[in-house]
Amino acid sequence: MGLDTYADLIDFIQSRADEPTDGSSDFETIMSDLVAQAHRDIILRHPFADLVSSPPGAFVTSDDITSLTITVSSTGTSVAGTLSSAPSGSISISGWKLKPGGKTWGARITSHTAGATAITIDAVPETLAAGAAVTLFQDEYDLASDLGVFLDGLWDQAGTFVPLESPETLRSLWPDPPTGATIASAFCRLTRRKIKFSHYPNSIRRYEYPYIAELSDPVGSGTLSLPAHLRPVLAEGALALLYQMKVDKRQGEAQARFEAGIEKAIMYERRRMQGVGQSGLSTRPGGYADVSHRAWG
């Protein structure tokens with residue numbers, strides 16, 4: 001069917017704009033840019049169900065380590081520390097954090113080799129004598145590389161919901177350095193992929209997170225990632241941009257079709273997610289008592 005592939009899309013757009021489709025168009029080299037711009041516009045407009053990653057993302061937290069002690073002989077940045085023994089399981093704790101016992105500060109471990117006792121700490125305000133108690137934990141995790149927008153939040157293996165909050169809310173409501181908990185009260189997004197828990201995990205737990213995936217720009221001969229009903233909308237959006245480049249008076253009409261197509265797609269999406277019965281029926285008061293709760297279509 002037409003508009004199923006990137007090549008179909010380009011041919012359709014160029015034909016509508018009275019451009020040759022044999023690769024000789026003066027606008028041939030920028031067609032991918034125009035399609036990408038319209039494509040990104042569409043996927044930013046609404047959390048379409050077709051963009052939801054399936055299966056959802058999943059990850060496992062790390063258990064905290066409280067059985068070791070630490071020695072830190074100097075203060076400053078990029079400070080060397082020595083653990084009483086290497087963390088079990090031959091794991092690297094680079095990127096983890098530490099919280100000395102009885103202290104109000106924590107620090108980040110910037111370097112560690114699995115099986116070794118030597119670590120590098122980002123910044124240390126005071127020395128720690130040999131045998132100082134310490135908790136090593138991981139409260140930040142990298143998620144899927146195509147993570148766009150969370151649908152809601154995180155779901156613990158027991159079905160407990162962990163809501164998404166802003167970094168400012170997380171810092172204002174929960175202490176930093178954090179305390180440990182089996183399930184955190186909330187989490188925030190630090191970067192495109194990295195999240196931070198309000199409490200560091202003190203056990204190994206599995207989490208799922210439904211999310212909108214960030215689609216790659218259309219290219220090649222494969223079927224477009226956008227659902228079929230959005231492909232004509234994408235074509236109109238790219239066509240409007242091409243008309244604009246050509247200073248073609250038809251640009252306004254194509255842009256109007258693009259906007260109307262997105263609105264129709266959003267309406268269709270709401271019907272898909274809610275069902276026709278729920279969105280199409282309403283309850284109106286009747287003229288008689290015995291029909292006061294009749295549902296009208």
Side-chain angles (χ1 to χ4, degrees), residues 57-147 150 154 156 162 164-168 170-172 174-207 209 211 214:
F59 69 102
V60 175
T61 59
S62 301
D63 195 0
D64 64 340
I65 301 174
T66 59
S67 58
L68 305 181
T69 61
I70 192 172
T71 304
V72 179
S73 302
S74 61
T75 62
T77 59
S78 297
V79 173
T82 304
L83 300 174
S84 55
S85 63
S88 61
S90 297
I91 63 170
S92 170
I93 56 172
S94 181
W96 285 39
K97 298 177 184 177
L98 63 82
K99 184 168 65 171
K103 305 295 183 180
T104 59
W105 57 271
R108 190 183 302 270
I109 300 168
T110 57
S111 177
H112 173 251
T113 301
T117 59
I119 62 173
T120 302
I121 309 169
D122 62 350
V124 176
E126 59 183 304
T127 61
L128 299 173
V134 68
T135 297
L136 309 173
F137 61 90
Q138 184 179 12
D139 66 343
E140 298 178 3
Y141 293 85
D142 287 321
L143 304 187
S145 59
D146 63 347
L147 175 61
F150 288 101
L154 307 178
D156 170 78
V162 181
L164 173 64
E165 300 286 356
S166 69
E168 293 81 4
L170 208 74
R171 288 182 178 275
S172 63
W174 293 281
D176 191 13
T179 57
T182 302
I183 302 174
S185 298
F187 77 103
C188 73
R189 192 169 185 170
L190 296 176
T191 66
R192 181 171 175 271
R193 294 183 58 191
K194 190 180 293 294
I195 64 165
K196 181 182 184 299
F197 282 112
S198 59
H199 303 75
Y200 64 79
N202 55 19
S203 63
I204 299 174
R205 307 283 294 185
R206 181 185 185 277
Y207 285 89
Y209 54 99
Y211 69 96
E214 290 190 346

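Note that the coordinates shown come from a computational prediction; the quantities given were computed from them, not determined experimentally. The chain is numbered in sequence order, starting from 1.
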Show the nearest heavy-atom pair for residues [X] and [Y], with the distance to one decimal.
X	Y	value
I183	R205	CD1-NH2, 3.9 Å
P178	S198	CB-O, 3.6 Å
V72	A80	CG1-O, 4.0 Å
V79	G76	CG2-O, 3.2 Å
W105	L98	CZ3-CD1, 4.3 Å
T71	A130	OG1-CA, 3.1 Å

Short question: side chain of [X], backbone of [Y] - any donor-acceptor pair under 3.5 Å?
X	Y	value
Y200	S62	no
T77	A123	no
R108	K97	no
S73	T127	no
K103	V134	no
N202	T182	yes
S94	T110	yes

Stepwise side chain to side chain contact (heavy atoms under 4.5 Å, CB included) check, W96 with H112: CA-CA 10 Å; W96 285 39; H112 173 251; over 6 Å; no

Side chain to side chain, T179 and W174, heavy atoms closer than 4.5 Å: no

Close side-chain approach of S74 to V124, heavy-atom, < 4.5 Å: no

To the nearest 0.5 Å, what is the distance between [atom1] ([X]) and [atom2] ([Y])?
X	Y	atom1	atom2	answer
F197	S185	CZ	OG	11.0 Å
I195	D139	CD1	CG	10.0 Å
I109	Q138	CD1	CD	10.0 Å
T69	L83	OG1	CG	8.0 Å
D142	R193	CG	CZ	5.0 Å
I70	T82	CD1	OG1	8.0 Å

Steps toward side chain to side chain contact (heavy atoms under 4.5 Å, CB included) verdict (Y209, L164): CA-CA 11 Å; Y209 54 99; L164 173 64; over 6 Å; no

Ring centre gap for F187 and Y207 strictly below 6.0 Å: no

More than 12 heavy atoms of other groups within 6.0 Å of R171 CZ: no

From I119, I121, T120, residue fulfilling side-chain contact (heavy atoms from CB on, under 4.5 Å) relative to S111: T120

